[in-house]
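The chains referred to below are lettered A, B, ... by the order of the sequence lines, with proteins before strands, and numbering in each begins at 1. Quick note: numbers below take in every heavy atom, side chains included, and nothing from hydrogens, waters or symmetry partners.
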Amino acid sequence: MTAIADVFPSVVPVPEVREPGEGRRRIIGALTIVLGLFIIFVFGFGSVSGSHSVVTFNPINTSSGAPWGLSDLTVLTRWWNVVLGLIALAVGVETWLRRPAGALARFGVGGVMFFLALLLWSVRQPGPAPIGNINLTSVLVNSSAVIMVLIYGSLSGVLCERSGVVNIAIEGQFIGGAVAGAMVDSVTNSFWLAALVGILVGGLVGWLLALLAVRYVADQIIVGVVIVTLMGSISSYLNIQVLAPYPNLNIGNQPSNVAIPLLYKIPVIGPTLFDENMFFYVAIALVALISFGLFRTRWGLRVRSVGEHPKAAESVGISVARVRYTTVILGGAVAGLGGVAFIATQGQFQPGITSGYGYIALAAMIFGKWKPSGAVVASIIFGLSAYMVQNLQNSNVPISTEFLTMFPYLVTIAVVAGLIGRVRPPAADGVPYKRD
Amino acid sequence: MRVELKGITKRFGSFTANDQINLVVEPGEIHCLLGENGAGKSTLMNVLFGLLRAEEGEILIDGKPVNFANSGEAVRSGIGMVHQHFMLVPVFTAAENVVLGFEPTKSFNRLDHKTANAQIHELSQKFGLDVDPDAVVENLSVGLQQRVEILKALSHDAELLILDEPTAVLTPQEIEALMEIMRSLAKDGKSILFITHKLKEVRAVADVITVIRQGRVIDSVRPTETEGQLASLMVGREVNLTVQKEATQLGDTVLELRDVVVRDDRGLAVVNGVSLDVRAGEIVALAGVQGNGQTELAEAISGLRSVESGSITLRGQNITNLSPREILDAGLGHVPEDRQRDGLVLSMSVADNLVLNTPRRAPFARRGTRNLSAVASNATELVQRFDIRTSSVESTASSLSGGNQQKVIVARELSRPLTCFMASQPTRGLDVGSIEYVHRQIVNQRNEGLGVFIISSELDEVVALGDRIAVMFAGKITGIVDPSASREDIGLLMAGATMVSHD
């Protein structure tokens, strides 16, 4: 038997519990390895020996003259892709064998390699594509519209969900902003006024969501879906009854770009980031502003406390209902502005023009781990792949675009399933709060 | 600050939770509010803290009547509350939690972390409450989280501190430390309202004890009263606080755990190599502070959670990673920790709940059709045998009191042939009367030769019931002791000390 009296004081420290994530890191490594092998054997050896691809960097048309030039690059498709694939492979093997801290970033490297190899492969000559070159600058410039709208949407999602309300109605706020923006701009010829009305309409839709979710404690997902359906129907109705008979209410103006002196001349980056319309710059400013607001200010601390533990917030005198109302209305306003921004790049309004970007924005928000900065990275990834889908559709490339369309969703599923990095939503996200 | 409650009455529908309650807390006094679960203590405190509105009565602070519309106003009047379930945001730092709602700011509404940290530092120094302001709360132990809660209340200049069942989640050593803190606060002139149903603590720390029963103040007494007197005041009749047990008649080993490893939902190995035997005719009680892997261990034994490695054997049959149904059929009776979530289907009738684990078997079902008359007669019999107080066997389980809900589960599990009976937190939230009853049932089973495995975070219960006491800490068994071992020793084991063998 053991004598209990003389066994102390051998107090041991709390044993370290093994961290999870070992398996996850292997999965990420394996995925990156698969990516590398795919690049080597499909994009590399899948290209005829001696075929070449041309990459150009100069913008096709800009509003403000030619920037500093960069000469075209002609590469041997097969060997360049083999090299790109090897890079991905090496990074994948490293992630599998050793334990680098940034496993996710390494998967990102694999993704970039995949994207570049796909571009080279799709324009190889001799090959199926009619044009033998890919313009990197125009790829980026043309995808910036979708990236921008995704940024607006995911910022809206971040705001609402940080306060504990799931805003699945982003799509509806986009639609509202887009219709209102198209009409106001057609009448007043001012995108500033259109933006203002878009903000009001989006805020109104946000208010409706908040009313049902906060005041009437309804299921947020169902309410959100209903609101999207409602906004879709309203826009169809307006389109048939108002926009179609009065085409001068739907002119389809597009705002001109504002080039930032000197910066716009930087090759590739310049035309992409520094020669955009005002909505693009506003989006960037909002990212910084919301990031600062949420994580540096008193307002942000309170919003996050309501999204994490509403009862704790209430117990120190913070009104959960008021915080959720204002944040959701604000989030709606951001998405409404996003709708105006989107219509400003697309021209005339048509029903269905937002084509589900509100939902992809939600995915981007999750991928970005409920952070504004993360949402931007995710928006860029999703935006680029969305652009690739559209572009490849137009260019006779023998690759199933339906396959590519799946990409953002597959990535989202992987993220939500916890395969890539740990995602942790605000603890009270989507949970209605009722005072007792 | 002197706080006076006068004639407070709070009703929920037709139910009167507080009935004409009078209470005075003097400055520098540790005032205990003693009562069973459901006696109305928490309701009263929520009224005082502005979370609930009373129908009648008034609250006086230093003689002046006050009326709180919300808890923010109560806080500004100098009342602080440490809730039973901590009101802390787990992903925030200690400092962020302390200043929430009263944040010091710089220009542009920016949080002023420097001032916040300085505030906390000053309070920590003054009252001996050491906490790292930059530590993220979810990484702190429960005892430290409680300190953050106390600091939060003090930082709002609380003069009256309400502590709602503060010891439920603490080790005996942490409880001792908390009492030390309470005494030092009282010495500084702060008043403390200490809510509990644990008699030992009351006697150790209180200046005045007010006993509440069924929403009414029964008496105000001094801590010199004996535990027995306090218990009978609380329950309203004589209570037998000790469990009568005969000597053990040990049989074969019925439940055998070997190096069991179980992961929790986050993937952490919270049960990390547990080995334990339970023999027929004995009660093995597993002690430990909540959250040290007991819940996951119980789930693994009953088949609700997969076992990563190791083996679980029930009288020679390997039941590791079998389905719950197979494990039930092998002869394990199981009273789960959360009876409302895992033990009952609240919206179903008492009769249906009583056959929840045998619905497909004769006589309750034949050829896929239920035999409702057999279900009803089974229910009538069990309700009588186990003294379940219900208006009818067709009433929903949700309409029963906590004690009677627990009786339904115990009746169900004991009404079929068992090899081993396992109960997690068998008396959590029950009144003293029901505790007595459940304990007697458990001892009866042991006397009839069943192996019984009890998991409990109540040290009193563990000591009263266990023939052997195993202590669990951080996923491991830190020691197995006799019930005659001192509480202090068991406490040390609960805090992670290990036993050295002297064979």
Side-chain angles (χ1 to χ4, degrees), chain A residues 1-24 162 164 289 292-323 370 418 422 424-429 435-436, chain B residues 46 49-52 70-76 81 83 85-92 96-97 99-105 108-111 141 152 156 263 266-270 272 473-476 478-482 485-486 488-490 492-493 495-503:
Chain A
M1 253 326 262
T2 309
I4 189 78
D6 50 340
V7 295
F8 301 110
S10 55
V11 176
V12 292
V14 182
E16 287 291 321
V17 198
R18 207 177 88 197
E19 268 298 312
E22 188 76 350
R24 191 175 293 136
R162 280 287 177 179
L289 196 66
F292 171 80
L294 277 178
F295 297 104
R296 292 269 181 279
T297 69
R298 171 162 75 183
W299 169 78
L301 190 75
R302 291 184 175 187
V303 168
R304 287 185 291 132
S305 74
V306 166
E308 294 283 349
H309 197 330
K311 238 180 165 166
E314 191 88 48
S315 77
V316 289
I318 297 169
S319 162
V320 173
R322 190 183 305 153
V323 168
W370 285 267
R422 199 157 41 159
R424 190 167 166 190
D429 197 6
R435 292 186 67 176
D436 8 59
Chain B
N46 286 337
F49 195 54
L51 291 168
L52 291 174
N70 57 49
S71 49
E73 292 182 14
V75 168
R76 272 184 284 278
M81 183 156 176
H83 297 262
H85 303 287
F86 296 150
M87 293 293 168
L88 297 174
V89 181
V91 296
F92 284 9
E96 284 171 337
N97 268 295
V99 299
L100 185 65
F102 301 83
E103 307 85 349
T105 53
F108 296 110
N109 225 347
R110 279 175 305 155
L111 291 172
S141 71
K152 189 164 103 180
H156 306 153
R263 289 184 184 279
R266 297 166 297 164
L268 304 176
V270 289
N272 203 352
F473 172 75
K476 289 190 156 53
T478 45
I480 299 178
V481 299
D482 234 43
S486 78
E488 197 200 349
D489 287 349
I490 298 176
L492 283 166
L493 288 171
T498 44
M499 273 192 358
V500 180
S501 213
H502 297 267
D503 291 312

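- When heavy atoms are compared at a cutoff of 4.5 Å, B/His156 approaches chain A solely by way of its side chain, counted from C-beta outward.
- Taking CG of B/Leu493 as the reference point, atom CZ of B/Phe473 lies at 11.0 Å (rounded to 0.5 Å).
- Here the side chain of A/Arg162 pairs a donor or acceptor atom with the backbone of A/Trp370 at under 3.5 angstrom.
- Of the possible donor and acceptor atoms, none in the side chain of A/Thr297 sits under 3.5 Å from a partner among the backbone N and O of B/Phe108.
- The heavy-atom pair separating A/Ser315 from B/Val75 by the smallest distance is O-CG2, 4.2 Å.
- Highest contact tally toward chain A, considering only B/Asn70, B/Asn46, B/Val91, is held by B/Val91 [criterion: heavy-atom pairs under 4.5 Å].
- With rounding to the nearest 0.5 angstrom, the CG atom of B/Asn109 is 10.0 Å from the CH2 atom of A/Trp299.
- Both the backbone and the side chain of A/Leu301 have a heavy atom closer than 4.5 Å to some heavy atom of chain B.
- Of the listed residues B/Gly72, B/Ala74, B/Gly101, the one with more heavy-atom pairs under 4.5 angstrom with chain A than any other is B/Gly101.
- Residue contact with chain A, scored on non-hydrogen atoms closer than 4.5 Å, involves the side chain of B/Phe49 exclusively.
- Heavy-atom pairs under 4.5 Å with chain A were tallied for B/Arg110, B/Met81, B/Met87; the largest tally goes to B/Met87.
- Counting heavy atoms of neighbouring residues, nucleotides and ligands inside a 6.0 Å radius, atom CZ of A/Arg296 does not exceed 12 of them.
- At a 4.5 Å heavy-atom cutoff, the contact between B/Leu111 and chain A is made by backbone and side-chain atoms alike.
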